[in-house]
2 protein chains.
Amino acid sequence: MVAKPKKKSRPVGDPAAFAQAAECLKILAHPVRLRMVQLLLQGRYTVGELAEDCSVPDNVASEHLRLMQRCGFFNSEREGRRVYYQVAEPHLANIMECIESRFLQKK
Amino acid sequence: MVAKPKKKSRPVGDPAAFAQAAECLKILAHPVRLRMVQLLLQGRYTVGELAEDCSVPDNVASEHLRLMQRCGFFNSEREGRRVYYQVAEPHLANIMECIESRFLQKK
DNA sequence: TTGACATATCGTTACATTACGATATATTAA
DNA sequence: TTAATATATCGTAATGTAACGATATGTCAA
């Protein structure tokens, strides 16, 4: 076998990408928003349903959802008086799995 | 017996766990800290080395490292005047991979 | 129409986070 | 010992974020 590399290979990612990743992670880094992501990974929900599950007022839920929509995690569709949110970012499931396996799964 | 209500199965995680997960994610959600995690996943580095790579002053690097040490991501060992940091949380590699695959990897 | 309901937005306030400069501690060399 | 180096900590100021109440918008039913 060859000798061990003396120089560590530089990890991937340019500075701007780190800034963008950090911004999106910051959006994710809120207990109510994490819960919303987890729920929406299972299907679509209205603002009111999400608000109730998360025990926050509707307007607070709406603001959280707007944040996550702005960064591309979700999109929404109005149906009558209700607005349904759903996951738009395919990598969310992956990331959420990682988070669950570390923090959320009971042993 | 009343059979199952046709509810969607509730995703895993109690409220306190979401709070803890959110706190740790918030620590991760900073461009300099993300870069440090990426570097330290490859080996151990001193405060000064990390500071230089990240283009921040030593004291700023030291504060970022302290944060990440407090939440269990890293630990440190002094060797002479230097202090080497290294990854202590096994799930960090996993989570970082998810983040890289979404945000950091060039196509 | 009007009223009720669902959601969104705005203004404000309270609180958290960040970076910075100054200073403190720890270690080694002279 | 003193000086130099490496890291850590502290006080502070600037900025960002979160929640709240009030209000606005959009939709439907009567």
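Every chain is numbered from 1, with letters handed out A, B, ... down the list of sequences.
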For [X] and [N], give me the distance from atom [atom1] to atom [atom2], rounded to whole Å.
X: A:E52; N: C:dT7; atom1: CD; atom2: P; value: 12 Å
X: A:E49; N: C:dT7; atom1: CD; atom2: C1'; value: 13 Å
X: B:R81; N: D:dA6; atom1: CZ; atom2: C1'; value: 7 Å
X: A:H30; N: C:dT17; atom1: NE2; atom2: P; value: 12 Å
X: A:L25; N: D:dT17; atom1: CG; atom2: P; value: 14 Å
X: A:R78; N: D:dT25; atom1: CZ; atom2: P; value: 13 Å
X: B:L65; N: D:dA6; atom1: CG; atom2: P; value: 16 Å
X: B:L67; N: D:dC10; atom1: CG; atom2: C1'; value: 15 Å

Which nucleotide in the list [options] gets nearest to the side chain of [X]?
X: B:Y85; options: C:dT7, C:dT9, D:dA8; value: D:dA8
X: A:R66; options: C:dT7, D:dA6, C:dT9; value: C:dT9
X: B:D58; options: C:dA19, D:dT7, C:dT7; value: D:dT7
X: A:N59; options: D:dA18, C:dA6, D:dA22; value: D:dA22
X: A:V47; options: D:dA8, C:dA8, C:dA16; value: C:dA8
X: B:K26; options: C:dT17, C:dA19, D:dT7; value: C:dT17
X: A:E63; options: C:dT9, D:dT9, D:dG16; value: C:dT9

Surrounding CD of A:Q86 (heavy atoms of other residues, nucleotides or ligands, distance under 6.0 Å), is the total greater than 12?
yes
For B:D58 and B:G48 the tightest heavy-atom approach is OD1-CA, 4.1 Å
Does [X] make a side-chain N or O approach to OP1 or OP2 of [N] shorter than 4.0 Å?
X: B:R82; N: D:dA8; result: no
X: B:H64; N: C:dA19; result: yes
X: A:S62; N: C:dA6; result: no

Pairwise 5' ranking along DNA chain D for A:G80 and A:A29, keeping only the more 5' one:
A:A29
Is it true that the side chains of A:Q69 and A:R66 contain a donor and an acceptor less than 3.5 Å apart?
no
B:L67 reachable from B:Y84 in the ILVMFWY side-chain graph, under 4.5 Å edges:
no
Should the pair A:F74 and A:Y85 be assigned to parallel (<30°), tilted (30 to 60°) or perpendicular (>60°) ring geometry?
perpendicular
